[in-house]
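Some notes on the structure that comes next.
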Amino acid sequence: MASDLETKAKEAFIDDHFELALHLYSQAIQLNPKHAELYADRAQANIKLNNLTEAVADANKAIELDPSMSKAYLRKATACMKLEEYQTAKSALETGAALAPAESRFSKLIKECEERIAEETVDVSMQMPEALAKNDVPAKEIELDKDQPNLEIEAAPPKPAYRHEFYQKPEEVVVTIFAKGIPHDCVKVDYGEQTLSVAINAPGKEAYHFQPRLFAKIIPEKCRYDVLPTKVEIRLAKSVPIHWTSLEFSREVAITQRVNVSSVSASQRPSYPSSKPQRVDWDKIEAQVKKEEKDEKLDGDVALNKFFRDIYKDADEDTRRAMQKSFVESNGTVLSTNWKEVGAKVVEGSPPDGMEMKKWEY
C-alpha cells in the first residue's frame with residue numbers, strides 16, 4: 001500500500017501537482033515512517049510549495065534514517081539557501097559532495113554559498129554602525145498605521161496540540177512548549193541558522209510539529225533543549241545580541257532592532273548624538289581608576305571593568321559606537337575607542353597570548 005502511494009506521489013510530482021504529491025507522500029509516511037526515501041521526496045514537494053522549514057525538517061529526518069543518502073543533503077541545502085541560511089546549506093552540500101563526488105550540482109552550489117556568505121559578511125559590517133546608533137532607542141511595540149486599509153481576516157489555523165511561549169536574555173532566547181509527561185525519546189529538536197524544528201510524537205497523543213523561521217540567526221551548536229515533567233525547554237543561542245520583538249521572522253513588518261550591550265551601558269541614561277565633540281582626559285581617568293584600585297584593593301578584572309565603565313560613561317557618541325562595534329564583532333576580545341578605525345571594517349578577534357580563536361562551523 002505504501003509503495004502504491006509512493007508511485008502515485010511521484011506521478012503527481014512529475015505532473016506538477018505538488019499539493020497532491022505532498023498529501024500522498026504524507027499518507028505513505030504514516031504507513032512506513034522509517035523509509036528515508038519518502039521524507040527526502042516529500043522535502044522536494046515542500047520546496048516546490050515554498051514550505052521551506054518543513055522541507056528542512058523532512059530532509060533532516062531522511063538524513064537521520066539514512067546518513068548516506070546524498071540527495072537528502074541536496075534537498076536540505078536547497079531549502080536552506082532559499083531561507084538564506086548559507087552556512088548550514090554549505091555544510092550539508094559538503095557532506096553530500098563527499099557521498100556523491102560525481103554529482104556536479106554540489107560543487108556549483110557550494111561556490112554559490114561561499115559567494116553569498118561573503119556578501120552577507122559585507123552587508124552586516126555596513127549595517128552594524130546604524131544598528132549601534134539606535135542602541136539607546138527603546139524597542140517599541142509594532143502598531144498598525146491608522147491610515148492603512150483594514151486587512152482581510154483569515155480563517156484561524158487549527159489549534160496546536162501544545163501551547164508555546166518565549167522569553168529572552170541578551171545572549172539567548174528560551175522557547176517553552178507546555179507538554180506534560182512526554183518521554184525524552186519522543187521529542188526531536190533540530191536547529192538551523194534561522195530555523196527551529198520541533199517534533200513530539202508521544203504514544204496515544206496527537207503528533208506535534210513546530211517549525212518556525214526565527215526572528216534572527218542563532219548558533220546551532222550552542223543551542224540545547226531539556227525535556228522536563230511539564231514542558232520542553234529550548235535554549236537558542238543568539239548569533240548577534242539584538243532584541244527579538246517576536247519569535248518568528250516576518251518580511252511584512254519592518255522591525256526596529258536594538259543591540260543589547262553589557263550591563264555596563266544598561267545602567268546609563270540614554271544619550272543622544274551631539275554636533276560638539278566631547279573631549280575626555282583619558283590619562284586622568286586611568287589615574288583615578290588606578291588610585292581607586294589601590295585604595296579599594298580591587299581584583300584585576302574588576303578594576304579593568306570599572307575602567308571601561310568610566311570610559312564609556314564619559315565618552316562621546318563615536319567612542320561609544322566604536323566600543324560597542326569592536327566588542328560585538330570580535331566576540332569580546334577587542335575594545336576600541338577609535339570609530340574612524342573600526343567603523344569602516346569588521347573587527348577581527350584578538351585572543352590572549354597562548355590561546356586561539358575557534359571558528360564555529362554551522
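Start at 1 with the first residue, then count along the sequence. None of the values given here were measured: they were computed from a predicted structure.
For the atom pair CD1 of Ile234 and SG of Cys223, the computed distance is 9.5 Å after rounding to the nearest 0.5 Å. The CG atom of Asn46 sits 11.5 Å away from the CZ atom of Arg75 when rounded to the nearest 0.5 Å. Between the CZ atom of Arg163 and the OG1 atom of Thr176 there is a distance of 9.5 Å, given to the nearest 0.5 Å. Remark: Lys108 NZ to Glu103 CD distance equals 9.0 Å, nearest 0.5 Å. Going from atom CG of Leu196 over to atom OG1 of Thr53 covers 9.5 Å, rounded to the nearest 0.5 Å. Note that NZ of Lys188 and CG of Asp190 are 4.5 Å apart. Values are rounded to the nearest 0.5 Å.
At a threshold of 4.5 Å between non-hydrogen side-chain atoms, the residues Val174 and Leu236 do not count as touching. The shortest distance between side-chain heavy atoms of Gln87 and Lys217 does not fall below 4.5 Å. Side-chain contact between Leu93 and Leu74: present, with at least one pair of heavy atoms (C-beta onward) separated by less than 4.5 Å.
Although no hydrogens or angles enter the test, the distance criterion places no donor-acceptor pair under 3.5 Å between the side chain of Ser91 and the main chain of Thr88. Distance alone, capped at 3.5 Å, places no donor-acceptor pair between the Tyr162 side chain and the Lys180 backbone.
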*Begin with the C-alpha distance, continue with both residues' side-chain angles, and end with the deciding distance and a verdict on side-chain contact (heavy atoms from CB on, under 4.5 Å) for Glu84 and Arg213.*
CA-CA 11 Å; Glu84 300 178 3; Arg213 185 179 182 190; 4.2 Å; yes
*Could you go step by step and tell me if Glu37 and Lys71 meet the salt bridge (charged side-chain N to carboxylate O under 4.0 Å, His left out) rule?*
CA-CA 9 Å; Glu37 188 88 15; Lys71 76 174 181 179; 2.4 Å; yes
*Derivation of the salt bridge (charged side-chain N to carboxylate O under 4.0 Å, His left out) call for Arg116 and Glu119*: CA-CA 5 Å; Arg116 297 291 188 181; Glu119 291 173 1; 3.7 Å; yes
_As a quick check of understanding, evaluate salt bridge (charged side-chain N to carboxylate O under 4.0 Å, His left out) for Arg321 and Asp318, giving each step before the final call._
CA-CA 5 Å; Arg321 292 166 67 190; Asp318 281 349; 3.4 Å; yes
*asked:* I'd like to know whether Glu317 forms a side-chain contact (heavy atoms from CB on, under 4.5 Å) with Trp339, so could you lay out the CA-CA distance, the side-chain angles of the two residues, the decisive distance to 0.1 Å, and finally the verdict.
replied: CA-CA 9 Å; Glu317 188 65 15; Trp339 176 247; over 6 Å; no
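Enclosure of atom NZ in Lys48 is not indicated, since only 12 or fewer non-hydrogen atoms of other residues, nucleotides or ligands lie within 6.0 angstrom. Remark: Glu19 CD is loosely packed, at most 12 non-hydrogen atoms of other residues, nucleotides or ligands lying under 6.0 Å away. Counting heavy-atom neighbours within 6.0 Å of Arg235 CZ, excluding the residue itself, gives a total above 12.
Shown here for Ala179 and Ile200, the closest heavy-atom pair between the two residues is CB-CD1, 4.4 Å. Shortest non-hydrogen contact noted between Ser326 and Ser336 is OG-N, 2.9 Å. Between Tyr86 and Ile117 the shortest heavy-atom distance is CB-CG1, 3.6 Å. Here the closest non-hydrogen pair linking Ala55 and Ile47 is CB-CG1, 3.6 Å.
Two different hydrophobic clusters hold Tyr39 and Ile63 under the rule that ILVMFWY side chains link at heavy-atom gaps under 4.5 Å. Cluster annotation: Leu20 is not connected to Ile29 through the hydrophobic network of ILVMFWY side chains, with a link wherever side-chain heavy atoms come within less than 4.5 Å. Cluster annotation: Val175 and Ile242 are assigned to the same hydrophobic cluster (Ile/Leu/Val/Met/Phe/Trp/Tyr, side-chain heavy-atom contacts under 4.5 Å, transitive).
Between Tyr225 and His184, the distance separating the two ring centers is shorter than 6.0 angstrom.
Aromatic ring pairs are classed by plane angle as parallel below 30°, tilted from 30° to 60° and perpendicular above 60°; the pair Trp244 and Phe215 is tilted.
Side-chain contact check for Thr7 and Asp4: no donor-acceptor pair (N or O, by modelled atom type) lies under 3.5 Å. Lys238 and Gln168 form a side-chain donor-acceptor contact under 3.5 Å, judged by distance and modelled atom types alone.
Cluster partners of Leu83 are Leu52, Val56, counting Ile, Leu, Val, Met, Phe, Trp and Tyr whose side-chain heavy atoms approach within less than 4.5 Å, directly or via other members.
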